[in-house]
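Just so you know, residue 1 is the first one in the sequence shown, and it goes up from there.
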Amino acid sequence: MARLSLTLAGYPWDHITPLLTGDVVPEGIDLTYDTKRGLMPVLGDPAVHGGEGSVGKFMLDVAEGNHDYVGLPIFPMFAFRHRCFLVKRGTVIPDLTALEGRRVGLDGWPNSGNTWTKCTLRQAGVDIWKITWVIAPVEGKPDAGHGHLPPNAPDNVVAGVPGKSLIDMLLADELDVAVAAFMPKWFFAPDSPVVPMIPDYRAAERAYYQKHGYVPAHHLIKLRRAVVEEHPWVVKSLMAAFTASKQLWVERRLHLADTTPWLLAELAETQAIFGADWQPYGLEPNLKMLTDFCQDQYAQRLVKAPVDPRAAFAEATRLLA
């Protein structure tokens, strides 16, 4: 049987490196993986058959009856949100509950990360409707997926100052807090004017995991429905390949521990807290996390009814059986 030429796109996460280098090869597939343009090719390039996409966008599509893509329970990006709250150096905001009544900047309203931001606040007892949410790009100009005020935004969601980013507004005291998934490029400099709102965010995130039992997932792998309908075996092939890539990466990290000088200690502590795999694939290991996310999409007025994660991944689950 001829091999299937398949083009995916997404970020070059460490755990997919074996796929990118060819150390892991999906059965029956000649894989091209575009890592140069982020998630944009998946959104708009017809030559791309799928790849990394927003969990939030996928669930919104399911809620709206848009089934152009089949979601695979492969999650390239897991991340806590406590580290994402940034303030101007010298600003003291004692905890998440103190954000009520303040101006907090986001780079989008329905995005996965910002949905998790609001979910994290609600889980901490914060009334998100008592915060003024300001929408603008973290840095630079708005793009296709970030920095735009959505249509029919709630009354407490407003556009930012024209021509200014969230960081610009934060430094000009026009925001109390800016939320950023990826840190500004100068963030790690000793004299950075922007610092985490929660200095010991690591302790806060550990407490979150101990309470809720998961690290939030932001992205998943999805495939165009036409590809899956013509080649249903591709789902199982990709699931096996992504899993093998992650396993090989984990083995190499334990041996080639050079990401930081103390990575071995970090790996040991991570395993002690989270177990052997803090980035699980599959529906069942992620069911509570996905259910919390979908329930909070409803609580945030993003959908008319919460999506059932089992139904959202039903086709992939059937093909993986």
Side-chain angles (χ1 to χ4, degrees), residues 39 42-44 52-71 73 75 77-82 84-85 96 99-100 102-138 142-160 166 177-181 208 212 214-222 283 286-314:
L39 309 189
V42 184
L43 298 174
E52 186 176 349
S54 159
V55 169
K57 177 64 165 61
F58 177 72
M59 295 302 181
L60 291 176
D61 284 344
V62 171
E64 294 167 1
N66 179 353
H67 301 293
D68 292 343
Y69 286 89
V70 174
F75 303 97
M77 180 183 180
F78 288 82
F80 292 114
R81 297 301 290 179
H82 301 75
C84 301
F85 294 87
L96 295 177
L99 293 180
E100 291 185 9
R102 297 179 186 266
R103 291 173 62 85
V104 179
L106 300 176
D107 65 350
W109 183 248
N111 315 51
S112 296
N114 294 326
T115 300
W116 274 120
T117 293
K118 291 169 278 173
C119 179
T120 299
L121 290 174
R122 282 178 20 85
Q123 289 168 328
V126 178
D127 187 344
I128 65 170
W129 308 112
K130 293 182 179 178
I131 294 172
T132 298
W133 300 98
V134 181
I135 309 298
V138 175
D143 61 27
H146 300 87
H148 297 279
L149 184 69
N152 303 316
D155 292 341
N156 64 324
V157 181
V158 301
L166 295 181
V177 176
V179 178
Y208 182 94
H212 298 286
Y214 56 76
V215 182
H218 294 57
H219 296 166
L220 80 169
I221 297 297
K222 61 183 185 179
L283 178 59
N286 290 289
L287 189 57
K288 182 180 185 300
M289 179 268 296
L290 292 168
T291 299
D292 284 357
F293 182 86
C294 291
Q295 292 286 340
D296 226 77
Q297 281 188 315
Y298 175 64
Q300 295 176 33
R301 306 173 190 171
L302 296 171
V303 294
K304 294 180 180 178
V307 173
D308 176 0
R310 290 190 186 276
F313 288 97

- Message: side chain to side chain contact (heavy atoms under 4.5 Å, CB included) for D292 and Y214? Distances and angles first, verdict last.
- Response: CA-CA 10 Å; D292 284 357; Y214 56 76; 2.7 Å; yes
- Message: Surrounding NZ of K288 (heavy atoms of other residues, nucleotides or ligands, distance under 6.0 Å), is the total greater than 12?
- Response: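 Correct, the count exceeds 12.
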- Task: Assert yes or no for the condition that the ring centre distance of F313 to F58 is strictly below 6.0 Å.
- Result: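 Ring centres of F58 and F313 closer than 6.0 Å.
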- Item | Y208-H82 aromatic ring centre distance below 6.0 Å |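 Yes, ring centres under 6.0 Å apart.
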Taking the side chain as every heavy atom from C-beta outward, state whether [X] and [Y] have any atom pair closer than 4.5 Å.
{"X": "H218", "Y": "P216", "value": "yes"}
{"X": "P73", "Y": "N286", "value": "no"}
{"X": "P110", "Y": "L302", "value": "yes"}
{"X": "V70", "Y": "K222", "value": "no"}
{"X": "V177", "Y": "L99", "value": "yes"}
{"X": "I135", "Y": "V157", "value": "yes"}
{"X": "N114", "Y": "R81", "value": "yes"}
{"X": "H67", "Y": "D61", "value": "no"}

Could you report the tightest heavy-atom contact between [X] and [Y], atom names first, then the distance?
{"X": "A217", "Y": "M289", "answer": "CB-CE, 3.3 Å"}
{"X": "E100", "Y": "I131", "answer": "CA-CG1, 4.0 Å"}
{"X": "V158", "Y": "L149", "answer": "C-CD1, 3.7 Å"}
{"X": "K304", "Y": "Y298", "answer": "O-CE1, 3.2 Å"}
{"X": "A63", "Y": "V307", "answer": "CB-CG2, 3.7 Å"}
{"X": "S112", "Y": "S54", "answer": "OG-OG, 2.7 Å"}

- Check the pair V104 / T132 against side chain to side chain contact (heavy atoms under 4.5 Å, CB included), numbers first and verdict last. CA-CA 6 Å; V104 179; T132 298; over 6 Å; no
- Item | Quiz item: cation-pi between R103 and W133, 6.0 Å / 45° |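 No, a cation-pi geometry is absent between R103 and W133.
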- Could you check D127 against L121 for side chain to side chain contact (heavy atoms under 4.5 Å, CB included), going step by step and ending with a plain yes or no? CA-CA 8 Å; D127 187 344; L121 290 174; over 6 Å; no
- Item | Verdict with supporting geometry, W129 and R301, side chain to side chain contact (heavy atoms under 4.5 Å, CB included) | CA-CA 11 Å; W129 308 112; R301 306 173 190 171; 3.5 Å; yes
Taking [Y]'s backbone N and O only, do any of them form a donor-acceptor pair with [X]'s side chain (distance below 3.5 Å, no angle check)?
{"X": "Q295", "Y": "P306", "answer": "no"}
{"X": "D308", "Y": "R310", "answer": "yes"}
{"X": "Q300", "Y": "K118", "answer": "no"}

- Task: Flag the pair R122 and D296 as a salt bridge only when some basic side-chain nitrogen lies within less than 4.0 angstrom of an acidic carboxylate oxygen.
- Result: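 Between D296 and R122 there is a salt bridge, with a charged N closer than 4.0 Å to a carboxylate O.
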